Each structure stands twice: as structure tokens, then as C-alpha cells.
Amino acid sequence: MYLVHETCTLYGCQVAAERLSKATVAETALRLGDEHGLEAVTIRRLATELGVTPMALYWHFKNKEELFMGVVDHALTEVRADRDATDSWQVQLRAMVVTLVDVMRRHPILPDLLHQSDKARASSFARATEDALVLLSQAGFSPLEGYWVGSYLLHGVIGLVHAQLESPSQMGEGEIAEWRRQKRIELECLPVSQFPMTVQIGAAYAQEPDLERYYAFGVELLMNGVESMARSRAATS
């Protein structure tokens, strides 16, 4: 009798697992993390959200490490060089960076996931890396230099999203308003004789931040460095 019950239980888990897809599990994990933080992404809580037993999820991901890698793989699907082949490397690489910014803005959990998962094993991350290396080779960088540039761009985007100086992404709307009020007071109370420029920045916190301008400025800053170096190399070659 016990064996029959156990077989039925396992069969039920298999049926439940087959009704799920890896994409569904990854998307739910992303939502949980974005809303409640990375620590909220557990197998047990994810199973509850999906209405299955924890065992059903193990048909797709053997452990939490594989789950995190699967989430990274799913989240970065859009980051690829799939524009018109006639576009210059600058246009294609910039499009990849803009897409990465957009993905990270939608999923604030992603930077932490990239740090905590074996991202190089995620197929979408590996493909994006290869795409970027090909484009950077067209710019005149060696494979190793291209790898350095790609790492610089990735961490530059993470820094942009994490910093978001005038409107921290991890806070709620009410919290942001209070945080900005306190920040303005802090800066405007500095001695003007010692910190005249810093005091002026305080006034920026009195108005709603223009996040689109902030991110466009950040992408321009990152890409200008890469493009300027590529031009310098081309001029001396």
C-alpha cells in the first residue's frame, strides 16, 4: 500500500512538472525576486506560487544554483546582436547595451543574480558574450581586450541601475519622496564656502528625476569610451 501511494505521489509530481515550462518557473522566480528580493526566491515559495509541490520543480531544476542560472538565462534572452547585419558594430553594440539596461530596469533582482549564479553557463549569457566579442573584434580589439570591454560594459550597466542616484529602484514611491527630501536637506546644509558645487546639486532633488535622461546619459558615457578607444586604435594602425 505504501509503495502504491509513493508511486502515485511521484507520478503526480511528474504530471505537475510537465504542465510547467522552464520559462514559466523562471518568470515566476523573477517576479518573486523583483517584488520581495533575492532571498524570497526559494524552491518552497516558488512551488507555492505555482500551485505545485517542491518536488515538481526538481524535474526542471535540480537545485537552487540551477534555478538561478535558469532565471539568468531566461532574463537575458533579449540581449543579442540581432539587428540588420549592415548596421555598424557601434550601432549593434549600443543596441545590446540599451537592451541590457532595459532588462535590468525591469528586473532589479538581475544584478544580484549575475553575481550569485554561474552566469557563464547560461546559454543566453554565453551567446550575448560571443555576440559582443564579434562586434568588438570588428572595432579592432583582440579577443582578450574585447572580453575586458564586455565586462566593463556589463558592470557599467549594473552600476547605472544600482546607483540610480535621484531615485533608488529598491524603494517604494513614498519612501523615494522622503529619501529625496532628506538628501536635499543633507546637501544644501553643507557649508557653501567649502562645497559650492555640491550644494547646488541639492536643488536637483527638489524635482522629479528624469530617469530616461539619466539612463541615456549613462549609455552615452559607456559607449563613448569604447568608441573613442576604437577610433584611436584605428588612427594609429
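Worth saying up front: this structure is predicted, and the values here are computed from it rather than measured.
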**Q** Does a salt bridge link Arg127 with Glu130, judged by any charged N lying under 4.0 Å from a carboxylate O?
**A** no
**Q** Honestly curious: do Ile43 and Val71 fall in one hydrophobic cluster under the side-chain, below-4.5 Å linking rule?
**A** yes
**Q** Can we say Arg106 and Glu78 salt-bridge, meaning some charged N sits less than 4.0 Å from an Asp/Glu carboxylate O?
**A** yes
**Q** How long is the span from the CH2 atom in Trp89 to the CD atom in Gln138, to the nearest 0.5 Å?
**A** 9.5 Å
**Q** How about Glu186 and Gln182: does a side-chain donor come under 3.5 Å of a side-chain acceptor?
**A** no
**Q** Give me the atom names and distance for the closest heavy-atom approach of Ala230 to Ala139.
**A** CB-O, 3.7 Å
**Q** Are Val79 and Leu113 in one and the same hydrophobic cluster, where Ile, Leu, Val, Met, Phe, Trp and Tyr link if side-chain heavy atoms are under 4.5 Å apart?
**A** yes
**Q** Flag the pair Leu76 / Leu114 as yes when at least one side-chain heavy-atom distance between them is below 4.5 Å, and no otherwise.
**A** yes
**Q** Nearest heavy-atom pair of Ser123 and Asp73: which atoms, and what distance?
**A** OG-OD1, 3.0 Å
**Q** Are Leu211 and Phe217 connected in the hydrophobic side-chain network, where two residues link if heavy atoms are under 4.5 Å apart?
**A** no
**Q** For side-chain contact (heavy atoms from CB on, under 4.5 Å), just list the numbers for Ile201 and Lys183, CA-CA rounded to whole Å, side-chain angles, deciding distance to a tenth of an Å, and then say yes or no.
**A** CA-CA 10 Å; Ile201 295 173; Lys183 192 70 178 177; over 6 Å; no
**Q** Show the nearest heavy-atom pair for residues Tyr215 and Val101, with the distance to one decimal.
**A** CD2-CG1, 3.6 Å
**Q** What are the two closest non-hydrogen atoms of Leu93 and Ala132, and how far apart are they?
**A** CD1-CB, 4.3 Å
**Q** Could you go through the salt bridge (Lys or Arg N to Asp or Glu O under 4.0 Å) check for Glu220 and Arg213 one step at a time?
**A** CA-CA 10 Å; Glu220 197 69 22; Arg213 182 184 174 211; over 6 Å; no
**Q** Give a yes or no on whether Glu49 atom CD has more than 12 heavy-atom contacts from other residues, nucleotides or ligands under 6.0 Å away.
**A** yes
**Q** Are Arg233 and Glu145 close enough for a salt bridge, meaning some N to O gap below 4.0 Å?
**A** yes
**Q** Check whether any side-chain N or O of Asp131 sits under 3.5 Å from a backbone N or O of Ala81 as a donor-acceptor pair, and report yes or no.
**A** yes
**Q** Measuring from Lys22:NZ to Leu67:CG, what's the distance to the nearest 0.5 Å?
**A** 10.5 Å
**Q** Locate the shortest heavy-atom distance separating Ala26 from His74; write the atom from each residue and the value.
**A** CB-CB, 3.6 Å
**Q** Is any side-chain heavy atom of Ser232 less than 4.5 Å from a side-chain heavy atom of Met229?
**A** no
**Q** Under a single-linkage definition using a 4.5 Å side-chain heavy-atom cutoff for Ile, Leu, Val, Met, Phe, Trp and Tyr, are Phe125 and Val134 assigned to the same hydrophobic cluster?
**A** no
**Q** Hey, is the main chain of Ala23 close enough, under 3.5 Å, to the side chain of Glu27 for a donor-acceptor pair?
**A** no
**Q** Enter the distance from Met104:CE to Ile158:CD1 here, rounded to the nearest 0.5 Å.
**A** 4.5 Å
**Q** Mind checking the CD-CG spacing from Glu39 to Leu32? Nearest 0.5 Å is all I need.
**A** 11.0 Å
**Q** About how many Å separate OH of Tyr205 and CD1 of Ile176, when rounded to the nearest 0.5 Å?
**A** 12.0 Å
**Q** Is any side-chain heavy atom of Leu46 closer than 4.5 Å to one of Leu50?
**A** yes
**Q** Minimum heavy-atom separation for Ala47 to Leu57, with atom names?
**A** N-CD1, 3.6 Å
**Q** Is there a donor-acceptor contact under 3.5 Å from the side chain of His155 to the main chain of Ser151?
**A** yes
**Q** Decide if atom CE of Met223 counts as having more than 12 heavy atoms of other residues, nucleotides or ligands within a radius under 6.0 Å.
**A** yes
**Q** Any side-chain heavy atom of Asp34 within less than 4.5 Å of one from Arg31?
**A** no
**Q** Considering only heavy atoms from C-beta outward, does the side chain of Tyr147 approach that of Leu136 to under 4.5 Å?
**A** no
**Q** Per the side chain to side chain contact (heavy atoms under 4.5 Å, CB included) rule, which among Val219, Leu153, Leu154 passes with Leu100?
**A** Leu154
**Q** Return the CD to CE distance between Glu66 and Met69, rounded to the nearest 0.5 Å.
**A** 5.5 Å
**Q** Under 3.5 Å, is there a donor-acceptor pair between the side chain of Asp87 and the main chain of Gln92?
**A** no
**Q** If Ile, Leu, Val, Met, Phe, Trp and Tyr residues are connected whenever their side-chain heavy atoms lie under 4.5 Å apart, and connections chain through other members, are Phe141 and Tyr152 in the same group?
**A** yes
